[in-house]
Amino acid sequence: ESLKKEILARAPWQRGVVFGPRLRSRISPGFGLEDSPVEKVGRSKLQLAPYLSSGGLSGPAGKVDKGLWMMGCSDSHTSMVIDYQVFGTPDMVVTADGLGQVALKPVLQICFAYTTVEEQDGEHYTVRKMV
């Protein structure tokens with residue numbers, strides 16, 4: 001009974017837990033991901049930072065591609081940090097109708113996609129969502 005409770009507590013079909021999440025980050029030119037490896041500091045044997053850092057993201061995810069990370073499962077308590085660096089802001093100017101020359105501001109776009117289990121009319125099914 002105890003083992004069953006432990007397994008169910010960690011299963012992705014529990015309320016609030018999603019599975020197969022992917023996090024995508026896109027940024028303007030002039031910005032980049034700080035993805036240099038995290039070095040161990042001091043002599044302590046237990047240092048999690050080198051193992052929880054992947055491609056500019058610190059947290060329970062692995063880098064799939066530049067600016068794309070994947071996790072096994074996630075819930076509302078899962079925390080991640082994306083480490084950006086500024087290389088310089090290039091002059092990006094476009095011509096807009098009625099406004100003339102307009103300078104573009106830096107943009108950061110983040111998308112989080114995941115699969116969850118939903119119930120409708122007593123039937124359970126999986127659905128992919130994006131926020």
Side-chain angles (χ1 to χ4, degrees):
E1 187 64 28
S2 175
L3 177 60
K4 180 181 177 183
K5 286 181 183 179
E6 289 297 320
I7 290 171
L8 288 176
R10 289 163 176 75
W13 50 83
Q14 296 297 311
R15 178 170 291 162
V17 178
V18 299
F19 56 98
R22 289 183 178 230
L23 178 71
R24 159 108 32 214
S25 169
R26 296 194 314 184
I27 48 182
S28 297
F31 295 88
L33 292 170
E34 167 49 287
D35 60 356
S36 55
V38 176
E39 302 292 329
K40 289 186 177 184
V41 178
R43 295 179 178 222
S44 174
K45 291 184 180 182
L46 181 60
Q47 295 188 26
L48 298 177
Y51 305 106
L52 290 176
S53 180
S54 177
L57 180 132
S58 295
K63 179 181 172 184
V64 175
D65 199 2
K66 185 174 183 171
L68 176 63
W69 300 271
M70 185 170 180
M71 295 154 269
C73 61
S74 179
D75 65 14
S76 61
H77 301 288
T78 304
S79 297
M80 292 167 279
V81 175
I82 301 174
D83 194 5
Y84 295 106
Q85 61 186 18
V86 179
F87 299 117
T89 52
D91 293 331
M92 297 188 310
V93 179
V94 296
T95 303
D97 290 339
L99 298 174
Q101 297 281 325
V102 177
L104 295 178
K105 304 293 183 196
V107 174
L108 166 67
Q109 181 185 43
I110 295 179
C111 177
F112 187 75
Y114 60 92
T115 301
T116 187
V117 177
E118 292 191 350
E119 180 183 2
Q120 183 177 2
D121 300 327
E123 296 288 322
H124 290 84
Y125 57 95
T126 59
V127 63
R128 191 80 173 153
K129 294 187 174 187
M130 223 176 354
V131 289

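Note that the structure is predicted; figures quoted are calculated from it, not measured.
One N or O on the side chain of Ser28 and one on the backbone of Val107 form a donor-acceptor pair closer than 3.5 Å. No side-chain donor-acceptor contact under 3.5 Å links Gln101 to the backbone of Ala103. Asp121 contributes no side-chain N or O that, together with a main-chain N or O of Glu123, makes up a donor-acceptor pair within less than 3.5 Å.
For the side chain to side chain contact (heavy atoms under 4.5 Å, CB included) with Leu33, the lone residue among Leu57, Ile82, Asp83 that qualifies is Ile82.
The number of heavy-atom neighbours closer than 6.0 Å to CZ of Arg26, taken from other residues, nucleotides and ligands shown, is 12 or below.
Atom OG1 of Thr115 sits about 11.0 Å away from atom NZ of Lys129, to the nearest 0.5 Å. Atom OH of residue Tyr114 and atom CZ of residue Phe19 lie 11.5 Å apart, to the nearest 0.5 angstrom. In this structure, Leu23 CG and Met70 CE are separated by 12.5 Å, a value rounded to the nearest 0.5 Å. Here Arg22 contributes atom CZ and Arg24 contributes atom CZ; the two are 8.5 Å apart, rounded to the nearest 0.5 Å.
There is a path of hydrophobic side-chain contacts, each under 4.5 Å, that joins Ile110 to Val18. The hydrophobic clustering, which links ILVMFWY residues whose side-chain heavy atoms are closer than 4.5 Å, places Tyr84 and Val86 together. Under a hydrophobic-cluster definition in which Ile, Leu, Val, Met, Phe, Trp and Tyr are linked whenever side-chain heavy atoms come within less than 4.5 Å, directly or via other members, Ile27 and Phe87 are assigned to different clusters.
The two residues Met130 and Ala113 have their closest heavy-atom pair at CG-CB, 3.8 Å. Taking every heavy atom of both residues into account, Gly55 and Asp35 meet most closely at C-CB, 3.5 Å. Heavy-atom minimum distance, Gly59 versus Met80: CA-CG, 4.2 Å. Shortest non-hydrogen contact noted between Ala61 and Met71 is CB-CG, 3.4 Å.
The side chain to side chain donor-acceptor pair (under 3.5 Å) analysis of residues 54-74, with sequence neighbours excluded, yields the pairs Ser74-Thr78.
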_Stepwise side chain to side chain contact (heavy atoms under 4.5 Å, CB included) check, Leu108 with Phe31_ = CA-CA 9 Å; Leu108 166 67; Phe31 295 88; over 6 Å; no
